[in-house]
Every structure is written in structure tokens, then in C-alpha cells.
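Here the structure is a predicted model, which is why all the values come from computation and not from measurement. Protein chains get the first letters and strands the later ones, always in sequence-line order, with residue 1 at the start of each.
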Number of protein chains: 2
Amino acid sequence: MNDVARHAGVGLKTVSRVVNGEPRVSSAMVQRVRQAIEDLGFRRHEGARLLRRGRTACVGLVLEDVADPFSSALTRAVESEAWANGFLLLTGSSGEDAVQERELTLAFCAGRVDGVVVVPAGDDHRYLAPEIEAGVAAVFADRPAGRIEADAVLVDNTGGARLGVGHLLEQGHRRIGHIGDAEGIFTAGERQRGYREALEAAEVPYDPSLVARGPVEQEFIRHALDRMLAGPEPVTAVFTGNNRATVAVIRDLATRERRPALVGFDDFELADMLSPAVTVVAQDAAVLGRTAAQVLFQRLGGDVSSARTIELQTRLIPRGSGEIPA
Amino acid sequence: MNDVARHAGVGLKTVSRVVNGEPRVSSAMVQRVRQAIEDLGFRRHEGARLLRRGRTACVGLVLEDVADPFSSALTRAVESEAWANGFLLLTGSSGEDAVQERELTLAFCAGRVDGVVVVPAGDDHRYLAPEIEAGVAAVFADRPAGRIEADAVLVDNTGGARLGVGHLLEQGHRRIGHIGDAEGIFTAGERQRGYREALEAAEVPYDPSLVARGPVEQEFIRHALDRMLAGPEPVTAVFTGNNRATVAVIRDLATRERRPALVGFDDFELADMLSPAVTVVAQDAAVLGRTAAQVLFQRLGGDVSSARTIELQTRLIPRGSGEIPA
DNA sequence: CTGAAAGCGCTTACAG
DNA sequence: CTGAAAGCGCTTACAG
């Protein structure tokens, strides 16, 4: 910008005025500065501008894994919202690792973003307190913050699970297995709770031996199904707690004779094209992302009301696999 | 940092030295500064640091749409590579719009990133020439740059298409339809060329009436298949140019009696679980992203050799749909 | 309408 | 080993 001023033979401030389209500049000046900008191929350095203004016009998004369809749909929504507000988006995947989540988030906060949307991997976010104090806005998505007060946009996991399991109970099932993510993952715990609540509401005894929570690997799924389908009272239906588990169960069932009913939490591409088509409890990642971003921009816009939690509803999509009778 | 210096009663530079772990600082000083940092909850402002150093330690990634599985796998790979090099990643989707691609890319270049990986939507990238001149590194992924010299990492689309169509020819098919993306999309043109080359190599006449290129919408696909499957010489096989088209064709065929053989370009989740399982020509988005990022970091590391193009190979995955005989 | 000065938070030479 | 000065590229008051 200094170069431009010199080239145009005007003051630095005049260049700044032209570049920022401020009024009260004579057209002769504007002309000269424009020409100089053209000649030198000048483009304003946003980094410097924003340093001076105390803002970055960037927001950060910390995900579990961008490559996951849920995360990428969420990303797309946050991105649109950011762009609409004139912000750019920094993204990073934690790989479901609390340390990586922390490092990424803090790297974003170190003067690179004005706010962050975090899909947390860990359960202790006290490390964010100083950043929030310093003015960084933070919104948690899909899972709540741990040990600090912060805005969160969640899905009604418990209600969704009740919906799915309730649907199986309506078909007459009484022996319903549940396979979900490992202990320590918030959403998985909530969904298991919903599973249990649905059973209890229907006065079906909760049987811990029908629940398997662990790493969603084919091997783990196989053992879980072996167990659930064996014995004198095998399950006649399975409720899976996430779409990787759902797909893994489908793959596994393809190798077996027995065909229990199946309802999965979270929809997935081509669920309707499998046979039987897969009944799911759908959550909307795009709405989740959009809502989280909207809350973030409200905060960045000066909203200082106390932290709030928004819970999004799920919906059941019957397609066939959940309507197999007991 | 100034506050820290005052609080510790030392010079600004000493604080800088401690923060940066420079040697030649007496441990007494280190102690005092550390204490002050602790007291004030100080964290270095990366934006300011990098402004001074003339770098941003960020790279940008411009995609068609993060929500697309191909894009998100690519993103994940670029992200890992960036993080490994100590860089953060800015991402944005162009929505297959050349203007949006340009705006995003230039927004990144305006002092926010040291380099960009671009999956281009447009075919004229002269707008990037001043940025490259100014020192921004640019690598194109999946599709080449238009009207400028730049590094590109591509997939052997033509070879991949020859592979897929060749496979159908081997099963005895002679009437093979092709459905692909609209004109103007580089990869679609290359794949159509491969389709044609494969036919010609097998001395099967190229029949333009068996080719449909347009927006991948269910309606468009239906019309295309109507046409291809009608008349005295209907197609006995279809080669689709991208995975959305493949899925759309599968959905459409589910409503028809005739079941032509099918090979699709680009693999997709659950392709193996459909019936019949879908034979595809697979490209590896993760390798594409990783390679593009590696080239970018070589450039950022000072490699000034002339622009180069890397072409990645595809591979055929036979699963059933492509082995239906003529 | 125009411009010289100071400063955003940091680092890079340069002296002590 | 330590620090005062200048400057990265821009904007915000303040004078003319």
C-alpha cells in the first residue's frame, strides 16, 4: 500500500480510503490511485488489515473426521453460513482424540479465528476458558462442552433412540439387541439411555447381555451378533447406535441365515437401495451445522446472554428393515 | 506481549526470546517471564507473528463441495499433510461455479494463506497469475489449470474409462451406453474420450446416440436410459462417468425389467452391498489429496522447478454388475 | 478533501 | 545475556 501511495504520489491514507471505498475522495485522486493499484497489481493484505482491526474474519471448525459423511455435511453448512457472514473457514479433524482436539482448537484460537465450532472428542474443555475470556466465541456441536459453560447444539439422541426402539416394540419385538459406540462417547451413552427408556416404558426387562458397546469394527460386531443370536432366547431385532455400526451389522447379517429386524440411528446414502431397505432414525447434520454457526455469529455479533443448549429433533424413516415382524 | 514484559519488568525482546525458546536467556529471566505469562494467561498472537515473518502457516483448499465423499476424502488427506507440516487449512466449496471458485481462491490469497490447492470449477485461471507472481504457491487437483502454467495432480481419466469400457467389451457387449457429466467439465470429457477410444480399439462403431451428457438428475438419467434401451438395438451395458450418475442409473434401473451390465467411474460406499454389487473403476481421492499437498509443500519449501503434471492410475474392481454377459 | 503520526502484536537486525 | 528501535501492512484517531 505504501508502494501504491508512492507510485501515485499521494498519501498512504488516501490509498486506504480508495481501497476501502470511503467517500470524500476527489475523483482525480481515485483515478490516480486506481491506476497505481492496477500498475502494481496491488491487493490488500487481509492479515494486516484484520490485525489492526482486532478481528480475523475467520472461524474454525473442529470435527471428528471430515471424511465422515456426517462431518462433511456439517462442514458444508458451517461453511455456507460463514461465507454468508463474510468469514472464511478453517477446518481440522481431531480423529476422536481429545489431545488433538485441544491442539487444533488452541491453534485456531491463537489469533487466527474469531470463533470456533467444536465437535468435541474430549470431555474437559477448561482449556478453552482463557480463550473465551479473551473474546473467542465457542459453540459446541453434536456433543456438549465438558466442565465449562458454553453454547451447544445437540441432537435429541435419547428421544431418537426411543423412537427407533419404540418402532421395533410396536412390531412386536421383545428381544431387542443394541450395538453402539464405545463408552465415553456422549452420543452413544445418550442413545443407549433412550434404548433402555423405551424398553422400560413398554415393560420389557432391560437385559445388559443384549447390549454391546465398543469399537465399531467388523470383528467386534460379529462377536456381538454371535452372542445376541445364540441361546434359547435370541434377539429378533437390533437397534444400532450409529451408521457405521448399522452398515457393519448389515455386512455381517449378509453372511447369516437369520434376519432380525434392524433400525439404525443416523441415515446414510443408499440405505433405501439395500434389501431390505434400512429403517433409520435420521438426524440432520446440515441443520446441526447451520444452527451451530448461527449461534456462533450471534455471539460474534455481540449477543452476551448466558450459554444455551439447543436440541434438534430426529425423525423415523421406515423403509423395510425395521418392519420385519418378531 | 508488551503487558507480559511490563508485568515481568523485563524488555519486550526477552519475552519474545522466552516464548520462542531461544537460548541465551538466564534462567532467572525465564522464570520471571514464565510467571508473568502464567499470571496474565498470555498466548502468542500467531496472526501478528506471521505478519512480521511474511508467512501465514495456512494453506487453502478450494473444492467443488465438501459434502461430496470424493471431496471430503481429499480434504482429509490435504488436512493431514498440512498439519504434519505445521500448517492449518482453510477450506471452501465453489459449488462447481467458476465465479465462486475465483472469489474463494482470491480471498484465500489475500494474505491469508501461503499456498492453495484448487479443484477448479472454471477453465480460466489467469486471475491467479498475480498471486503466483507474488509468491503464493498453487497446485491444481483433479482437473488442470486453464490458461496458466501450474502444477496439477490428475487422475488418468481416459485410461480409467478405457479400463471400464474394455471390461464390458470383454464380456461381449457391443452396444454400450455412456452417461456422464455435462459438457465443460474436464474429467467428464476425458472419460468420454476413453469410452470412445476403447470402442474404437475393439472396432465397435462409436454411436453418438448412445452417449448422454448433462446434469446428473434423476429426470435426465431416466430420459437417457429410455432412449438407450428403446429401439431395435438397445444397449446391453452402460458405462457411467461418475458416481452420482452410477447411483442414479441404479435407482432408475430398479424400476425397469431390463438389467443391462453396468460399470461406473469412481467407487462409492456400499457399492459392494447392492444387488448386483457394482463394478467400478476406482480412483483414490486420498492419494490425490496427499500428492497435491506434497507438491504444494515442496513448492513452499523452495522448489522452483517448472510446473509439472502428475497423473494417478485407476483400478478396476469387478463386483458383479459389470460381469453381466451381453 | 488530504496526509503525517501512532499503533495492532509480534520479530528482525543492532547495540549495549 | 538483555533491550530500545524499526517495521510487517494496514487502520484509527487527529490535524490541516
Atom-to-atom span, [atom1] of [X] to [atom2] of [N] - whole angstrom:
| X | N | atom1 | atom2 | answer |
| --- | --- | --- | --- | --- |
| B/N2 | D/dA5 | CG | P | 13 Å |
| A/M29 | C/dC1 | CE | P | 12 Å |
| B/R55 | C/dG9 | CZ | P | 22 Å |

Less than 4.5 Å apart, side chain to side chain, heavy atoms only: is that true for [X] and [Y]?
| X | Y | value |
| --- | --- | --- |
| B/I310 | B/T291 | yes |
| B/S93 | A/R76 | yes |
| A/F297 | A/D303 | no |
| A/T309 | A/F140 | no |

- Sorted by first residue and then second, give each side chain to side chain donor-acceptor pair (under 3.5 Å) pair with at least one member in residues 2-17 of chain A; sequence neighbours left out.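 Matches after skipping sequence neighbours: A/H7-A/D39, A/S16-A/N20.
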
- Message: Enumerate the side chain to side chain donor-acceptor pair (under 3.5 Å) contacts for residues 49-59 of chain A, please, sequence neighbours excluded, ordered by first and then second residue.
- Response: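 Found A/T56-A/D114.
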
- Query: So what stems show up for DNA chain D if we need 3 or more Watson-Crick or G-U pairs in a row, all under 3.5 Å?
  - Reply: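 Output for stems: C:1-3 with D:14-16, C:5-12 with D:5-12, C:14-16 with D:1-3.
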
- For B/L89, what residues pass the side-chain contact (heavy atoms from CB on, under 4.5 Å) criterion, not counting sequence neighbours?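 Scan of B/L89 (side-chain contact (heavy atoms from CB on, under 4.5 Å), adjacent residues dropped) gives A/T91, B/V59, B/L61, B/T75, B/V78, B/E79, B/T91.
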
- Residue pair B/N242 / B/D266, side-chain donor-acceptor N/O under 3.5 Å: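 No pair is found: no donor N or O on one side chain lies under 3.5 Å from an acceptor on the other.
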
- Message: Between A/E103 and A/Y127, do the side chains contain a donor N or O and an acceptor N or O under 3.5 Å apart?
- Response: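 There is no such pair between these side chains.
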
Between the protein and nucleotides 11-13 of chain C, list the N/O to N/O atom pairs that are separated by less than 3.5 angstrom.
from   : atom 1 : to    : atom 2 : distance (Å)
C/dT11 : OP1    : B/N20 : OD1    : 3.3
C/dT11 : OP1    : B/N20 : ND2    : 3.2
C/dT11 : OP1    : B/R49 : NE     : 3.0
C/dT11 : OP2    : B/S16 : OG     : 2.9
C/dT11 : OP2    : B/N20 : ND2    : 3.4
C/dT11 : O2     : B/R52 : NE     : 3.3
C/dT12 : OP1    : B/R53 : NE     : 3.0
C/dT12 : OP1    : B/R53 : NH2    : 3.0

- Message: Is there a side-chain contact between B/T14 and the phosphate of D/dC1, meaning an N or O under 4.0 Å from OP1 or OP2?
- Response: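 No, no such contact exists.
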
- Message: If you assign B/G11 and B/L51 each to the DNA chain D nucleotide with the nearest heavy atom, which residue ends up on the more 5' nucleotide?
- Response: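 Final value for this comparison: B/G11.
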
- For B/E81, does its backbone N or O pair with a side-chain atom of B/N85 as donor and acceptor, under 3.5 Å?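 Yes, the answer is positive, given that a donor and an acceptor are paired below the 3.5 Å cut-off.
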
- Message: Please list, in numerical order, the residues of residues 30-43 of chain B that have a heavy atom closer than 4.0 Å to any atom of DNA chain C.
- Response: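 Residues of residues 30-43 of chain B under 4.0 Å from DNA chain C: B/F42, B/R43.
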
- Message: Return the CG to CD distance between A/L74 and A/Q283, rounded to the nearest 0.5 Å.
- Response: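 So the gap between those two atoms works out to 10.0 Å.
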
